[in-house]
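In the text below, chain A, chain B and the rest are named by the order of the sequence lines, each starting its count at 1.
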There are 2 protein chains.
Amino acid sequence: MKTVYERADIVPLLAEIFRELGYEGATLSRITERTGIGKGSLYHFFPGGKEEMAGAVLADIDAWFEEAVYRPLRHDDARQAIAAMWTNVNDYFRSGRRVCLVGAFALDDTRERFSAAIGDYFIRWIDALRSALMRAGCTEGEAQTLAEEGVCCIQGALVLSRALRDETVFSRSLETLAKRLGAATR
Amino acid sequence: MKTVYERADIVPLLAEIFRELGYEGATLSRITERTGIGKGSLYHFFPGGKEEMAGAVLADIDAWFEEAVYRPLRHDDARQAIAAMWTNVNDYFRSGRRVCLVGAFALDDTRERFSAAIGDYFIRWIDALRSALMRAGCTEGEAQTLAEEGVCCIQGALVLSRALRDETVFSRSLETLAKRLGAATR
DNA sequence: CAATATTTGTACCGATCAGTAAACTGATAA
DNA sequence: TTATCAGTTTACTGATCGGTACAAATATTG
């Protein structure tokens, strides 16, 4: 019996492990242990080792957000895209049970390895949200402040709901946020 | 030449290392390398090893917040204590250049080791802030929401300002937050 | 001063780390 | 059938991991 993978199947598995254990905590042996994928296969797909694995995961996450969140915010109906963001984000982060890997990497030394990817992810999120807010009627300054605040609170809510082991904190924060941004665009 | 430490001198040094490298990233050899304190001394003061070191750091952090933030929020003049919180927190986190170790631990597997300490820290922060808000004139529900939101945004601002390498994000978030809580209490 | 207790430096332990090498498997296709 | 090739398994490397043992150095006390 021998299971055959391709790169695209492995990346989401790696993502979940990095999320749970962090970059330093995700050792090669724990990865093989949790996925059943041997070192040989891992190094076959990611010759650059752990760093390339994490890089691929970050790129995958970025691509998902680009398509599901940023692009709609930039190009679709503004109010609709913002509303979709709340539900997409709540689903994606599993009501706070799942962590934002980009945010987690930003907090420790791992930031130095992936500085560009981490900065980009948040810059583009804030920019996209600001764009939607302006199209929905905010001034540029107001939109910038609210966009920053929105992304900021999402990250904080992930920390807080995990710390308190209370997923209602996350969903509740999103609702409060949705109301505030909604009030500013009508 | 031989330097002699006591436990109380070592804990803040450890704190800075755990902050920068995270729990898994803070290896014994990196600790001795950055502090100049040998393994012999470390295990003399912390027989429980790395886990006891991190525990001592968390207790130290908790004690600082209890005295500088929570107690004033619970017992001193409410408006004054809240105002002091913003400046204390901004200084403590060095305008976002320094990370909240408790929040960082909450994001990965390290949470399992220090679950109680992590939960307590945030519970008590939120409770203390809610107490002050109520004494300043908020209803209980309003105070609870605002307190949660305050702590939540501080954590998010730390993530965001580190990710963007922009400390103005942190200070700006605190100002926005201060205004919102100020408006709710007059 | 001498005796005792505390603190530190060094050498070491087995386990695990990231990474390498190469034999092996199974499918595709000439 | 045979050659090729992507992918897997296994065994291995040297380095580093957290932790221990203990003697040397220093403080403290008598």
Side-chain angles (χ1 to χ4, degrees), chain A residues 1-58 60 101 104-105 108-114, chain B residues 1-60 101 104-105 108-114 117:
Chain A
M1 180 71 168
K2 175 169 157 181
T3 327
V4 176
Y5 295 92
E6 48 187 278
R7 217 181 117 114
D9 300 326
I10 298 180
V11 173
L13 300 176
L14 292 175
E16 239 38 59
I17 293 169
F18 280 119
R19 258 186 249 275
E20 281 178 41
L21 306 175
Y23 185 77
E24 297 286 348
T27 66
L28 269 292
S29 62
R30 277 202 262 241
I31 292 172
T32 59
E33 175 192 306
R34 298 200 182 196
T35 60
I37 304 169
K39 257 192 237 189
S41 304
L42 289 170
Y43 275 89
H44 175 71
F45 291 114
F46 308 96
K50 209 165 80 153
E51 183 152 357
E52 189 177 342
M53 296 177 208
V57 168
L58 287 179
D60 193 55
L101 189 62
F105 278 6
D108 63 34
D109 209 34
T110 312
R111 175 181 71 157
E112 295 344 297
R113 284 177 193 270
F114 305 105
Chain B
M1 177 76 165
K2 179 167 160 183
T3 327
V4 176
Y5 296 91
E6 48 187 279
R7 220 181 115 114
D9 301 326
I10 298 180
V11 173
L13 301 176
L14 293 176
E16 240 37 58
I17 293 169
F18 280 118
R19 258 186 248 274
E20 282 177 41
L21 307 175
Y23 185 78
E24 297 286 349
T27 66
L28 268 292
S29 61
R30 276 201 264 240
I31 292 172
T32 58
E33 174 193 309
R34 297 200 183 196
T35 61
I37 304 169
K39 261 193 228 189
S41 304
L42 289 169
Y43 274 88
H44 173 71
F45 290 113
F46 308 95
K50 209 165 80 154
E51 184 152 356
E52 189 176 342
M53 296 178 210
V57 167
L58 287 177
D60 192 55
L101 189 63
F105 278 7
D108 63 36
D109 208 34
T110 311
R111 176 181 71 157
E112 289 354 289
R113 283 177 193 269
F114 305 104

Is a salt bridge present between A:E33 and A:R30, judged by a nitrogen-to-oxygen distance below 4.0 Å?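 Salt bridge absent between A:E33 and A:R30.
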
Basic-acidic side-chain contact under 4.0 Å: A:R34, A:E20: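 Yes, A:R34 and A:E20 are salt-bridged.
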
Kindly assign one of parallel, tilted or perpendicular to the pair B:Y23 and B:F105, based on the angle between their ring planes and the thresholds 30° and 60°.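 Answer is perpendicular, since the angle exceeds 60°.
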
Heavy-atom contacts under 4.0 Å between residues 39-47 of chain B and DNA chain C, which residues?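 Hits under 4.0 Å, by residue number: B:G40, B:S41, B:H44, B:F45.
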
Within residues 15-38 of chain B: residues closer than 4.0 Å to DNA chain C (heavy atoms):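 Under 4.0 Å from DNA chain C: B:G38.
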
Gap separating the CG atom of B:D109 from the CD atom of A:E24, nearest 0.5 angstrom: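 Atom-to-atom, B:D109:CG and A:E24:CD are 14.0 Å apart.
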
First locate atom CG of A:L14, then atom CG of A:D60, and finally report the distance between them rounded to the nearest 0.5 Å.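 A:L14 CG to A:D60 CG: 10.0 Å, rounded to 0.5 Å.
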
Check each of A:T110, A:L58, A:L13, A:V57 against A:F18 using the side-chain contact (heavy atoms from CB on, under 4.5 Å) test, and report the only one that passes.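 Of A:T110, A:L58, A:L13, A:V57, side-chain contact (heavy atoms from CB on, under 4.5 Å) with A:F18 is met by A:V57 alone.
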
Using atom types as modelled, flag every donor-acceptor pair under 3.5 Å from a side chain in residues 36-46 of chain A to any protein atom, sequence neighbours excluded.
none

